[in-house]
Amino acid sequence: MRKSLIFLFLILWFLSVSTVFAETPLKKVSLIPQWIPQASFAGYIVALEKGFYLEAGIDLTLHEGGPDKSSFAQLSAGKATFCSGWLAYAIAQRVSGLRMVNLAQIIQRSALMLVARKSSGIKSPEDFNGKTVGLWEGQWRVQPRIFFHKFGVKVMIVPAYTSMNLFLKGGVDAITAMWYNEYHKILNSGLNPDELSLFFFSNFGLNMPEDGLYCMEETFKADPQLCARFVQASLKGWLYAFNHEDETVELVMKHADAAHTGTNRAHQRWMLAHMKDLIMPGGDKNRLGKLRPEDYTNAGQLLKESGMIDRLPRFDDFYVGSQ
Amino acid sequence: MRLRFSNSITLKMTLLVLGCTSLVFSIILGYNYSYSRKIILDEAEIKARNLTLSVANKIEQEFRAVTKIPQHIVSFLKTNDYNRTTLDRIIQGMVEDNPEVFGSAVGFEPNAFEEGVQSYSPYYYRTTNGLKYLQLGSASYNYFQRDWYHIPKVLKAPVWIEPYFHRRGGGIIMTAYSVPLLESAKDSAATKVKAIVSADVSLEWLTWLVASMRLGRTGYGFIMSDIGTIVTHPREEWIMRQSIFSLADEFGDSRLRQIGRAMIREKSGFTELGSTLTGEDAFIAYARIPSPGWSLGAVFPRSEIFEEVCGLYERTVLLAGLGLVLLLIASALVARSMARPLLRMSEATRKVVRGDLDIDLSDIRRKDEVGQLARDFTGMTAGLKERDRIRDTFGRYLTQEVVDRLLESKDGLRLGGEAREISMIMSDLRGFTALTSSRKPEEVINFLNHYLGKMVDILMEHRGIIDEIIGDGILAFFGAPEPMENHAASAVACALKMQAAMEEVNEGNEAEGLPRLEMGVAVNTGEVIVGNIGSEKRSKYGAVGLQVNFTGRAESFAVGGQVLVTKATYEELSDILRVRKVLKVEMKGMSGKVELYDITGIGEPYNVYLAENEETLVAVREMINVEVYRIDEKVVTESGTTARITHISSSSAIIVLHEKLSQWENVRLQLLNNQLAPVSGKVYAKVVSVVRVDDNHEAEVHFTSVSPEAEKVFRQRLGKK
């Protein structure tokens, strides 16, 4: 009697599982980050490696990003299903016709900063007057330009590219850097914090959220569930990363080494530690992945001011994360 | 008895020696060690500094050589016209002629090479198949954004480029030297960059050079760029990925960060490194390579530097340890060898305390101080033994009291005396002197010793101090040197006892065929001078004074068996003395008669009484003929007078003769037979009284000595009756 009951149970279980499987086959998608594999994409790496995407029925391919690949260009060219990119750039792209939507806002705050040598005489924003500043091109100039304008300083702008050597060799007095990345590199080139003057744009009312997850509008409309699941798994990845730093650093290093980025654990650890505060400011889980309308509006304002856009798309057209 | 360990010399000495030596060793070794370490470290520093400086110099030469190449090209381009072909040729030639160069490129600003040409950058580089050409100005390679172009352009000055991998993520590590080609702007004084000339250098030779640095077994050299990036290092995984600062960050070593900064800024240095780079504490010597601003570091572990010293130190400590052990054993042995004889001597001392002076320390045959002590100790006990013997010997010749006083008190031997009232006994044997001439010497001494032995015993019993024994005479006193209460009574009791003992003495004498003798004793009490008389060389404890003489005088009146006391003595003891009779005698030099008391007993508490001998003179049936010889001053006169003994008793007789004898005169009686011829039998006697009877004199004589033959005769006449 007992034996047959167990057998029955087993058969039922098999059926249910297989139906689940039969009903939801894995969706093959891809994600392209806007830069080389590093801890600023730890959430996705972790979600991939720990199988969160698989759990969500997603078979994700994580492409290798880099300085010569624009993530939005890849997205629009159909080379990737999802991409990560900067809010400012995305707004500008949307305005110029690229119909893509924001699925989730990951980095809630601006991590962009100006790093200057104290020895070049820069201690406060006004001191920038007459100095040479290395700026990244494109969207990265939005904040600095407004900043200089705000303080009425005339600076000599020099393009800065991927390495900080221009600054380190004394080619420029100050340079843009990400707080979670290049700033640490500058420190690990032998400069002490007390030799540097730091200017965080977020402290000067130029706080623009940065990294977010995007896809083409039609991709979203075709399968909003998929997008939602993708975002869920990605956010789960981020939460896991924050609670398992050592493991996460190892996973990130694995991807970074595969891409020959020449990084080291100390750097990735720094990066990951700073991501937590940028993604979940004050540890507030409620803000995880959400784009706040006021942040959107502010960003739009700054972009308009700097002349990058003439109009701001409707919030709900742009951000679909709440759906 | 085992000594408690903590009190033993062995332990103390051993511990002390060990402790001191250990301390001294430690100090010496410690100083030695730290000083040698210092010396070695200084040496190592000098060597390391020299090495790094020389290698850095070599590297510098190489780098300097490389800088020439782009500079030559630049100066050529400045001064000459050129087209694509000539430019190519120049670049090619430069690379070919300079084997240290891997490749060279010239990148032009947009429109700077030719109008309308946005980018133009010919590049020649080595391959295994010879030089290869590559046009860097292409869609896939934006040279304007590369450091080798961008930085010198912004700086408008030559610059060494941060090392990079020749191939993405791997391959040879390269660096480049870029020189901008400047031209003055047409309309202003400012200069403009026209092109950048760059030469690549492979750093393989650098890796090889640094790897070949001799730095002991585990030391190594490494190179880092001017921003700390590790360019060569034994740990490949660190090359290009880590900088000295990222390592300091990863391992939390802030000192390493400081060192990194110093290496970039300072010309050279030498400092402690910590364990981050090598896993164990190390030192680093560094020297800057001025041209690119890079730094060469030579790391060598601390343990290796001090290996030799440590080894030496360990061996020294081991030796010292062995030495200490040996020392321990040696000092223990020495201490024990000292302790043992000392214990033996302590044992011997205990024997001495018990009174056993037979000490044998001859097994301590050492020649040192301990041996000396043993010998001296033996000498001391011998001395004590001798002293005891002397004391005993003295005791034989002197009363114990005197000996004690002499030996024990500091003043005992002091010459000089004091006046004291004492009582004195003088005694002698009647007729002894005569005996000496008629007997063999051994017999005489034998006899004398019997007598004296008995008398001395009695005297000692009564605490009399025997002052003199002259032949048969004894002078003893009571009350000195130690004061004595009742010295008079003691003296009298003693005298009586002595007299009473004569019977015993005579019995002994008779048994040996010796004549019976009688003793006369006198006792006097008076003040005398007592003390050590004589000189330091020869002295005696004695008494002098009138009273001493007087005692002798009184004694001369005593007949055998009699105890006479002087008036002074009598008056002291009259209550308890039993007086037989009182003699009134005349003494030479003294006026009037002197009273002498014949006593026969002393009462409580002494209770000594003489047996009252029946002294009744018995008339003899037949008169005994005798020849009477008068003795004048102890000399028997030649001729004698014939006389007859009419009465006789055991101790006296009455003689009738014509001659008048004087009272107290001593006479010798020779027995005669009926024919008036001498027969054997001699008697010595003292005249006690003389009475005139008709024509004759009747003299009562008291025997002092009776020869055995005479004794026999008398007994016959007496006893058989």
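Lettering of chains follows the sequences in order, A, B, ..., and the numbering in each one begins at 1.
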**Message:** side chain to side chain contact (heavy atoms under 4.5 Å, CB included), that's the test. Do A:N165 and B:I227 meet it? Break it down for me.
**Reply:** CA-CA 9 Å; A:N165 289 332; B:I227 58 170; 3.7 Å; yes

**Side-chain heavy atoms of A:L166 within contact of B:V154, under 4.5 Å** = yes

**Message:** A side-chain contact here means heavy atoms from C-beta on lying under 4.5 Å apart; do A:V158 and B:H150 qualify?
**Reply:** yes

Is [X] atom [atom1] crowded by more than 12 heavy atoms from other residues, nucleotides or ligands, each under 6.0 Å away?
X	atom1	result
B:E236	CD	no
A:K131	NZ	yes
A:K254	NZ	no

**Asked** Tell me, side chain or backbone of A:L168 under 4.5 Å from chain B's heavy atoms, or both, or neither?
**Response** side chain

**Message:** side chain to side chain contact (heavy atoms under 4.5 Å, CB included), that's the test. Do A:T162 and B:Q145 meet it? Break it down for me.
**Reply:** CA-CA 8 Å; A:T162 53; B:Q145 292 189 354; over 6 Å; no

**Item:** Selection from B:Q242, B:M240, B:K153 maximising heavy-atom pairs under 4.5 Å formed with chain A
**Value:** B:Q242

**Request:** Could you tell me which of B:A248, B:G228, B:S225, B:S246 has the largest number of non-hydrogen atom pairs under 4.5 Å with chain A?
**Result:** B:S246

N/O donor-acceptor pair under 3.5 Å between [X] side chain and [Y] backbone:
X	Y	value
B:R241	A:T263	yes
B:S243	A:N188	yes
A:K169	B:I161	no

**Request:** Might you point out which heavy atoms bring A:L191 and B:R257 nearest each other, and give the distance in Å?
**Result:** O-NH2, 2.7 Å

**Complete:** What one should report as the nearest heavy-atom pair of A:Y161 and B:F144 is CE1-O, 3.7 Å

Look up atom [atom1] in [X] and atom [atom2] in [Y], then write down how far apart they are to the nearest 0.5 Å.
X	Y	atom1	atom2	answer
A:S189	B:D226	OG	CG	9.0 Å
B:I230	A:N264	CD1	CG	10.5 Å
A:N192	B:F245	CG	CZ	8.0 Å

**Message:** Applying a heavy-atom distance below 4.5 Å, give me the residues of residues 265-273 of chain A that approach chain B, sorted by number.
**Reply:** A:R265, A:A266

**Message:** Let's test your reading of the structure: which of A:G190, A:G170, A:G134, A:G171 forms the most heavy-atom pairs below 4.5 Å with chain B?
**Reply:** A:G190

